[in-house]
Protein chains: 2
Amino acid sequence: MFHTECSARRLLDHVTSRWGIWVLLRLHERQPLRFYELRDRIGGISEKMLSQTLRNLVEDGLVWREVEPATPPKVAYGLTPLGGGLCAHLAAMLDWIEDNADNADRTGDQAPSEGALPSA
Amino acid sequence: MFHTECSARRLLDHVTSRWGIWVLLRLHERQPLRFYELRDRIGGISEKMLSQTLRNLVEDGLVWREVEPATPPKVAYGLTPLGGGLCAHLAAMLDWIEDNADNADRTGDQAPSEGALPSA
DNA sequence: CAGTATCCAAAATGATACTG
DNA sequence: CAGTATCATTTTGGATACTG
């Protein structure tokens, strides 16, 4: 299923792309956000990549885009219900990673029996 | 936190790398698996990438590696408890994506309220 | 402001051949 | 079998300049 050229696969690719996950997470924290607000909050992202990532996410139906016709233009982005649903999973996973990552990056060693210990 | 050079960040990078997610998921379906078994089940992965991906995941403590000294060598891989915990999140997210992806890849249209329906 | 277009650098990936 | 080494290619990412 995920080996085909289906929308599920494309969506996964976009989410796991270099910036996709961060765009989604920033919008999950706070929305709507304007283009430059996203750029500033993410930090390190080029305009090209932000633009490209946003376009992908909008196409996938995870993010909405609203243009307020004015000069200068005002464009806002936010999460669609679909994007919100995905972010729930994403945020949960990221939280879990934060909590557990250092827990075991030794080369597969057995329990160190000292140092930072789990609940036991 | 995730903007630093921490183990959480490295772990995330490895998981979201081109093949990381698939290696984990195959092992989640069935373990242990030998090197060539993983290669065959994943499909399309080169030996170089499989080797590299596995090394990363082992270093991160998500996957274990066991060598049975023999000629020819037998090497088995499986998920550590940490890897299992991550795979729970991963599998849940992937399931969700499968279920919801086609649901809305129109350019941000409102609820189609018809067409391919969920469980109904 | 919110992008796009272009060009360049860097990194990821792949195919192949080789080794213990 | 289970990799590693090497090289070529593809993809990705970034800096910059330009436009509506």
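Reminder, nothing fancy here: chain letters follow the sequence lines and each chain counts from 1. Excluded from the calculations below are hydrogen atoms, water molecules and symmetry mates; all remaining heavy atoms, backbone and side chain alike, are included.
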What is the distance from [atom1] of [X] to [atom2] of [N], rounded to the nearest Å?
X     : N      : atom1 : atom2 : answer
B:I42 : C:dT13 : CD1   : P     : 13 Å
A:L50 : D:dG13 : CG    : P     : 13 Å
A:N56 : D:dT12 : CG    : C1'   : 12 Å
A:L38 : C:dG3  : CG    : C1'   : 13 Å
B:H14 : C:dA12 : NE2   : P     : 9 Å
A:I21 : D:dG13 : CD1   : C1'   : 18 Å
B:Q52 : D:dT4  : CD    : C1'   : 11 Å
B:M49 : D:dT6  : CE    : C1'   : 15 Å

Checking only heavy atoms, does the side chain of B:K48 share a donor-acceptor pair with the base of C:dT13 at less than 3.5 Å?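 Donor-acceptor pair under 3.5 Å: yes.
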
Choosing from [options], which nucleotide comes nearest the side chain of [X]?
X     : options               : result
B:Y36 : D:dT4, C:dG14, D:dA2  : D:dA2
B:W19 : C:dG14, D:dG3, D:dG13 : C:dG14
A:R18 : D:dT4, C:dA2, D:dG13  : D:dG13

Do you know which of A:V23, A:L79, A:V15 makes side-chain contact (heavy atoms from CB on, under 4.5 Å) with A:L62?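 The single option meeting the side-chain contact (heavy atoms from CB on, under 4.5 Å) with A:L62 is A:V15.
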
Given A:V63, which partner from the list A:N56, A:L82, A:T53, A:L24 fulfils the side-chain contact (heavy atoms from CB on, under 4.5 Å) test?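 It is A:L24; the other options fail the test.
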
Which dot-bracket notation, 5' to 3', represents the base pairing of DNA chain D when pairs are defined as Watson-Crick or G-U with both distances under 3.5 Å, crossing pairs as [ ], and inter-strand pairs as |? ||||||||||||||||||||

So B:V58 and B:T80, side-chain contact (heavy atoms from CB on, under 4.5 Å) or not? Walk me through it. CA-CA 9 Å; B:V58 168; B:T80 63; over 6 Å; no

Are B:R26 and B:E29 within salt-bridge range, i.e. N to O under 4.0 Å?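 Answer for the salt bridge query: yes.
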
Side-chain N or O of B:Y77 versus OP1/OP2 of D:dG3: is the shortest distance under 4.0 Å?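 The answer is yes; a side-chain N or O of B:Y77 sits under 4.0 Å from OP1 or OP2.
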
Answer yes or no: does a side-chain N or O of B:R34 lie under 4.0 Å from OP1 or OP2 of D:dC1?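 For B:R34, the contact criterion (side-chain N or O under 4.0 Å from OP1 or OP2 of D:dC1) is not met.
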
Comparing B:S51 and B:P72 on DNA chain D - which has the more 5′ nearest nucleotide: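 Between the two, 5'-proximity favours B:P72.
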
Name the residue closer to the 5' end of DNA chain D, choosing between B:E47 and A:S46 according to the nucleotide with the nearest heavy atom.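 Closer to the 5' end of DNA chain D: B:E47.
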
Set out, in order, the CA-CA distance, both residues' side-chain angles and the distance that settles side-chain contact (heavy atoms from CB on, under 4.5 Å) for B:L33 and B:R41, then state yes or no. CA-CA 10 Å; B:L33 288 176; B:R41 279 159 189 266; 3.7 Å; yes

Could you walk me through whether A:M93 and A:H89 pass the side-chain contact (heavy atoms from CB on, under 4.5 Å) test, one step at a time? CA-CA 6 Å; A:M93 192 172 75; A:H89 285 278; over 6 Å; no

Counting any heavy atom closer than 4.0 Å, what does B:R39 reach on the DNA or RNA strands: base, sugar-phosphate only, or nothing?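 It contacts nothing in the nucleic acid.
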
Tell me what A:R55 touches on the nucleic acid: a base, only sugar-phosphate, or nothing, going by heavy atoms under 4.0 Å.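 Sugar-phosphate only.
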
Hydrophobic clusters here meaning ILVMFWY residues chained together by side-chain heavy-atom distances under 4.5 Å, can you tell me if B:L54 and B:W64 are in one?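 Cluster IDs for B:L54 and B:W64 differ.
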
Give the intermediate values and the outcome of side-chain contact (heavy atoms from CB on, under 4.5 Å) for residues A:R65 and A:V75. CA-CA 7 Å; A:R65 175 180 188 269; A:V75 182; 3.8 Å; yes

